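Written out below as structure tokens is the structure these notes cover.
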Amino acid sequence: MTLQESDSRRRLVVDGLVQGVGFRPFVFNLAESENLTGYVTNTSDGVVIEIQGPVDALDRFTIRLLGEAPPLAEIVAVKTNPVDTEPAGADFEIRASVDAPGTRTLIPPDVATCADCLREIRDPADRRYGYPFTNCTNCGPRWTIIGRIPYDRPHTSMARFTMCAACQTEYDDPRDRRFHAQPNACPECGPHVWLEDETGPADDSAGPLDYAARLLAAGKILAIKGLGGFHLAVRADSNNATMRLRRLKNREAKPLAVMAANLEVARSMGTVGTAEEELLTSPRSPIVLLEKTDGGNLVAPSVATGHRRLGVMLPYTPLHHLLFDKLRAHDITTLVMTSGNASDEPICMGNDEAMTRLKGIADSWLLHDRDIVRRADDSVVQIVVQDVVQDLAPNLAPNLADGALLFRRSRGYAPMPIHLKVSPAAGPDTLAAGPDILAVGPELKNTVCLLKEDRAFLSPHIGDLENLQAFEFFTETVATVQDVLECEPRIIAHDLHPGYFSTRWAKEQVSRGAQLEPVQHHHAHLAAVMAEHGLTGPVIGLIMDGTGYGTDGTIWGGEILAGDLTDFTRLGHLDTVPLPGGDAAIRAPWRTAVSYLRHTFGDNLPELPWFDDLPVAAVVEILDKGINSPVTSSCGRLFDAVAALTGRWLEIRYEAQSAIELMALTSREEVAAAEALGGNSSPGAQFQSPDGVDGFIVPVSGIIRGVVEALDAGASPSEISARFHRTLLDFFVAGAREASERTGLKEVALGGGVFQNEILLGQTVRLLREDGFAVYRSMQVPPNDGAVALGQAAVARARWAVKE
Ligand SMILES: [Zn+2]
Ligand SMILES: [Zn+2]
């Protein structure tokens, strides 16, 4: 190519997810097709491209760069500057990465197997036929194999496998789908899979996958090494196999997720609309909670009893696809795939760890020698009623705009950052700049968040910090995010609860020079929504949650706040009751119900037949003496109490079981048509503002009295459920109105675990909007405690900005 008089040269800096996603070969091919010279390289600022040629070709290049980028790339910004032309070089070239600290280049999440790779592993003529570790620049492991940045093979767990000549040729060829695909491998040179039982390698001439399929067909429990950890798998159509897994895993009641062989099988188990299909087949490949249909015999009843929805995912690694191909011979198209752990422990990731920790649960282990460097559980997402939430998310990625409600943000999502939006009205002192901040999250559903510039890196789901393994996973994750992002923030945000593991860990860092920023739990929920939507506030926060430590030392959880990112006021809250026995009441909602009954009826407790055999008198005594009975305004506990009053959920076996199953008894239509409990036509009129209490109190005794009256009149649990939901909605709307009258604010942020309830979420959004409110909710993080770390980080950053 020769230099023309009319040629110009431009330098483009591309910011976003542009590494490990086939971006540079895309740029290479694009430049060649436009006959441009120049180069592309990875730098600490992002991907830098210099292109030289006629102006119209340069313009076309830029347009096509944005329009035709590879499926996994996410371009956040492109800065373009003219630069001096250079003497005619040879062809366009890909230059080696410039390894510099403080990189803004993102680490991609793990990606489900692409269509091209799937075709290859099923093509007997292909050299990767039947190979479980096939991948390319469009798919495969990323986050879970990366030891450190930059993302190059020597920094991954693929470092120990030397590519064969054929693989190396693909890797070096910019026109190949595997150009710089760091985990590139084939049967000649890559990892392999084998089967073990408790006594050691299990030999089988037919091969490990055939053998695994036969074991599963026989109802055995198989531990399968996946992307971000182990799964425990059994055939989902066998009630005996499922029940045995539940018993051994000590997971009696919580629903189990199912992997379906393909989309058609998923459709036969649940309702798959366009948005569900998009999610199921997306590169993120999460568990999608589908509305159950009559699935025939594909799923045993014990997989998800008492639920309207079933968690379904599709195979997302070649190993999964190949295993289902083998299972076809046994007529099996569904597997229960639950995280490989004993109840409440983190998911296993190492071979030895899995052999030890899953001993006594798994019958056999399907292992391989590509090490998992970082844990990542499956993410869980649901689509909520679309007409209600669609237009709340005009600027989000397509898979989040369609009413996606996250329950767990992990594999496929983490470690993609959440960009803190900055409102134009916010002026120069915005959230987007300032020191790095580490937020250590709450106790349950813990995640940690590292805020660097305008990017909030939320870790994969860590879980409940209730045991040593979980706490080790927490410290391991803190170290990981700091390593990977190459920073060690001095500001650490934490929950107010002094007893939380995460709080205690944060306090231990003071001796190392850390500066602490305590953030109230529900303020963090509010701030998480604000940060995601670029709200600077003040706004009203309707935060309906389980448990959070309040500024007054009581347990909050049914809160109506007004606040900005730095501070808040508790405008109102659900009336408080004591929790007899503290955590014991959370496990046994009937105890909570007794407390609400006592709160409502005093000494004249109503007769409820299902309470006859329970030690009610002992609980009353605990309440009277105030023994270990912390006071709470929790909306989650109110759910527990109402559920227990119907006689069904006297004790629960997993967190929020009563609320989830009570919701499953009713529907949006039944709730819309239901009469409120206690006949409160104007709930706002019942709000009280007693002396000595800041804000107003939303009474709960009318609800409890209404439940008892309805039971007396012969109401069924599903009728109670519909009427209770109706009543809560009335109170939510009245609470927002009251808050608005007191403050003049018309923006409401919804947060807290209660808004995982799709009926309450959808209807609250609709009713408040009809009332003239602008309503916001978490879109990229769950509404539950999985959002708390993000909110903590945003609050700490905002407080820093005010101090500066
Ligand atoms: Zn691929
Ligand atoms: Zn090879």
Side-chain angles (χ1 to χ4, degrees), residues 17-29 68-74 107-146 151-154 156-194 207 226-228 261-263 278 280-286 313-325 368-371 376 399 411-412 416:
L17 177 58
V18 286
Q19 200 178 2
V21 292
F23 195 74
R24 285 176 306 159
F26 156 71
V27 169
F28 174 89
N29 288 307
E68 299 170 21
L72 301 176
E74 284 181 30
I107 294 178
D110 301 296
V111 186
T113 310
C114 75
D116 289 331
C117 286
L118 186 56
R119 191 171 30 73
E120 289 172 353
I121 62 172
R122 286 181 172 156
D123 175 5
D126 194 279
R127 72 189 191 94
R128 289 190 174 84
Y129 177 59
Y131 185 57
F133 304 95
T134 302
N135 65 82
C136 70
T137 45
N138 298 319
C139 75
R142 300 285 190 273
W143 165 256
T144 54
I145 60 163
I146 296 173
Y151 171 49
D152 282 324
R153 189 171 174 113
T156 71
S157 59
M158 287 298 294
R160 58 196 271 214
F161 301 97
T162 306
M163 276 185 275
C164 66
C167 285
Q168 189 69 49
T169 304
E170 294 166 340
Y171 184 91
D172 292 336
D173 178 2
R175 290 171 188 83
D176 194 279
R177 203 173 91 244
R178 297 197 164 89
F179 174 72
H180 283 205
Q182 307 303 349
N184 189 25
C186 77
E188 287 303 309
C189 64
H192 75 291
V193 62
W194 70 94
L227 265 186
N262 54 50
L263 192 60
E278 212 171 276
L280 281 167
T281 58
S282 73
R284 300 175 189 276
S285 193
M313 62 183 148
L314 296 181
Y316 56 83
T317 69
L319 182 62
H320 297 149
H321 285 289
L322 294 168
L323 185 58
F324 272 108
D325 289 350
H368 61 70
D369 51 358
R370 187 180 70 198
D371 289 343
N399 58 334
R411 178 186 51 76
M416 281 302 286

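Ligands are counted one by one from 1 in listed order, and the atoms in each one are counted from 1 as well. What you are looking at is a predicted structure, and each value in this text was computed from that prediction instead of being measured.
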* Heavy atoms only: give me the nearest Val21-Pro108 pair and the separation to one decimal. =>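 For Val21 and Pro108, the tightest heavy-atom pair comes out as CG1-CB, 4.4 Å.
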* Considering non-hydrogen atoms only, spot the tightest contact between Phe133 and Val193 and give its length. =>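 Heavy-atom minimum between the residues: CE1-N, 4.0 Å.
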* To do: Angle at the Zn ion (ligand 1): provide the value between SG of Cys136 and SG of Cys117, rounding to 10 degrees.
  =>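 Approximately 110° at the metal, rounded to tens of degrees.
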* Taking the Zn ion (ligand 1) as the vertex, measure the angle between atom SG in Cys139 and atom SG in Cys114; round to 10°. =>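 Taking the Zn ion (ligand 1) as the apex, I get 110° for this pair.
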* To do: Quick one: list whatever passes ring pair (Phe, Tyr, Trp, His ring centres under 6.0 Å) with His321, sequence neighbours left out.
  =>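 For His321 there are no ring pair (Phe, Tyr, Trp, His ring centres under 6.0 Å) partners, ignoring immediate neighbours.
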* Candidate list Phe26, Tyr171, Phe28, test ring pair (Phe, Tyr, Trp, His ring centres under 6.0 Å), partner His180, passing option ->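 Among the candidates, only Tyr171 passes.
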* Asked: Hey, which protein N/O/S atoms does the Zn ion (ligand 2) have under 2.8 Å?
  ->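 Correct list: Cys164 SG, Cys167 SG, Cys186 SG, Cys189 SG.
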* Check Ile145, Ile146, Asp152 against Gln182 for a side-chain contact (heavy atoms from CB on, under 4.5 Å) and give me the one that passes. =>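 Running side-chain contact (heavy atoms from CB on, under 4.5 Å) over Ile145, Ile146, Asp152 with Gln182 returns exactly one hit, Asp152.
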* Is Arg175 salt-bridged to Glu170, cutoff N-O under 4.0 Å? ->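 Between Glu170 and Arg175 there is no salt bridge, as every charged N stays at least 4.0 Å from the carboxylate O atoms.
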* **Salt-bridge present (Arg284, Asp110; N to O < 4.0 Å)** =>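 Looking at Asp110 together with Arg284, the answer is no, because their closest N to O distance does not fall below 4.0 Å.
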